[in-house]
Enquirer: 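This structure is in structure tokens; I'll ask about it shortly.
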Amino acid sequence: MKPRDSFSGRFGIIAAAAGSAIGLGNIWRFPYICGQNGGGAFVLLYLVCVVLIGLPVLLSEFSVGRRAQSNAYRAFKILSPGTRWYSIGIMGIVAAFMILSFYSAVGGWTIEYIFRSIFSTISDHPKEQFNGFITGSYKPILYQLIFLFLSLGIVVMGVKKGIERSSKILMPLLLILLVILCVRSVTLPGASAGLTFLLKPDFSKLTGDSVLLAMGQAFFSLSIGMGCMITYGSYVKRDEDLTYAAGMIAGADTFIAVLAGIAIFPAAAAFGISPDSGAGLVFITLPSMFLQMPGGMIFSACFFILLCIAALTSTISLLEVIVSFCVEEMHIKRWKATVLVTFSVFALGILCSLSLGIAPGLKLFGKNFFDLMDFTSSNILLPAGGFLISLYVGRVLKKRIMAKELLTGGGTRKFRYLRIFFFLIRYVVPVAILIIFFSGLFRG
Ligand code: PHE
């Protein structure tokens, strides 16, 4: 058998895993919830969630993956034979399919908007134009397919030559584009009101819901709770320092989310546009803002290329979870597995796209298929996965194994952090997740 593919070194791991973490969640979701939940106060709350819940789960996933050197399903079979912990891996595969189905639809929209910016075909009724587009019959599906093909092209090439190499190019590019947009945004006259809106802590706007939103956002944004980081962890060499990598990834993810807010809110304030939510903010509010800006179509193209890159590097990580399973468990060749998985995702994705437009009848539990996939994966499967991983690592896996994974590379200098880690993973993480899980369900 061929030796398992792996990341070549520290920068490769960080680029690929940060590529997975930094995605649509950072660029439209974070700025919006942040703005609505007391700006800077929410940023602080989010940081607390990342440090107390996100980082321990990320470290656990990385450690399980690296120790087992295997996909998210087999990892548990190797580390705890004869138990049913491998169900975490199966849940992760289901979650990956669900997230991919709507995520790739949005990825397709970004391609359409890149073209619209380049050819200056954004209309001065961006709302009607956007709704007309996403409810259309074939166009959104066609773009979704193009987006999926881009992702397929990368995943087929393998871990080092595909995922790592593309992330090493795309992530720095993403940062450059974002910095250009930030500079443009904060230098517009009247921009400061937007900065105040985003960053000034207003603790009176924080509610019980804000805490839950911050925790849910930390899960989705760090790509944890569904085996993605177990899979990527399994490609990390035995002598790498996992703690350092995890810290850098969580830091980069948060930094980019804040930068995205700086790129969006000051500019919106400068044009007197009130920030809308979700898809609306990115595909309706921003185009109308770019239309009013001198040279706006150039910035618009930059923005949608940035969004497309962010979505692409996350999509490949989601595909890799399923592809690695097919290759290692079903013994299918990598290219066959990738094609098979991409087309299965596409089939599910068509339902997502159509449920927004010509097939509004595609509803389950009162939600259209698109929202159902989004809701079930982010609010149910990811927290459940995170909860189970915290139980597994905190109570089942031998402490000695975790300690070895966490201390490698950094030596004994980090020994004192181990106690904090075990305290968080045993008590804080499971209790906090139970709270998100139930309140998320009840809020519907
Ligand atoms: N972290 C990605 C984002 O913020 C989404 C994602 C979730 C990717 C789960 C992989 C796994 O957009």
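In listed order, ligands and their atoms are each counted from 1.
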Enquirer: Have a look at ligand 1 and work out which part of Arg29, if any, has a heavy atom under 4.0 Å from it: side chain, backbone, both or neither.
Expert: neither

Enquirer: Under 3.5 Å, N or O to N or O, is Ser20 touching ligand 1 that way?
Expert: yes

Enquirer: Pull out every atom of ligand 1 sitting under 4.0 Å from any heavy atom of Ser221, numbered as shown with elements.
Expert: 1 (N), 4 (O)

Enquirer: Give the numbers and elements of all ligand 1 atoms closer than 4.0 Å to a heavy atom of Ser317.
Expert: 10 (C)

Enquirer: Testing Glu320, Gln69, Arg66 for side-chain hydrogen bond (donor to acceptor under 3.5 Å, both in side chains) with Tyr235, which one passes?
Expert: Glu320

Enquirer: Classify the ring geometry of Trp109 against Phe370: parallel below 30°, tilted from 30° to 60°, perpendicular beyond 60°.
Expert: parallel

Enquirer: Exactly one of Lys161, Lys160, Glu164 should register a side-chain hydrogen bond (donor to acceptor under 3.5 Å, both in side chains) with Ser8. Which one does?
Expert: Glu164

Enquirer: Begin from the C-alpha positions of Arg74 and Glu328 and carry the test salt bridge (Lys or Arg N to Asp or Glu O under 4.0 Å) through to its verdict.
Expert: CA-CA 9 Å; Arg74 176 151 309 264; Glu328 292 171 7; over 6 Å; no

Enquirer: Distance alone, cut at 3.5 Å: any donor-acceptor contact between the side chains of Ser151 and Thr315?
Expert: no

Enquirer: Hey, is ligand 1 close enough to Gly25 that some N/O pair sits below 3.5 Å?
Expert: yes

Enquirer: Report the part of Ala21 in contact with ligand 1, treating N, CA, C, O as backbone and CB onward as side chain, heavy atoms under 4.0 Å; options are side chain, backbone, both, neither.
Expert: backbone

Enquirer: Looking at every heavy atom in both Ser167 and Ala16, which two are closest together, and how far apart are they?
Expert: OG-CA, 3.6 Å

Enquirer: Could you tell me whether Phe220 approaches ligand 1 through its side chain, its backbone, both or neither, with non-hydrogen atoms closer than 4.0 Å?
Expert: both

Enquirer: Take Asn37 and Ser210 through the side chain to side chain donor-acceptor pair (under 3.5 Å) test and state the conclusion after the steps.
Expert: CA-CA 6 Å; Asn37 288 273; Ser210 316; 2.8 Å; yes

Enquirer: Do ligand 1 and Leu382 have nitrogen or oxygen atoms that lie under 3.5 Å from each other?
Expert: no

Enquirer: Give the residue, atom name and distance (to 0.1 Å) of the protein heavy atom nearest atom 12 (O) of ligand 1.
Expert: Tyr103 OH, 2.4 Å

Enquirer: What residue and heavy atom of the protein are closest to atom 8 (C) of ligand 1, and at what distance?
Expert: Ser223 OG, 3.3 Å

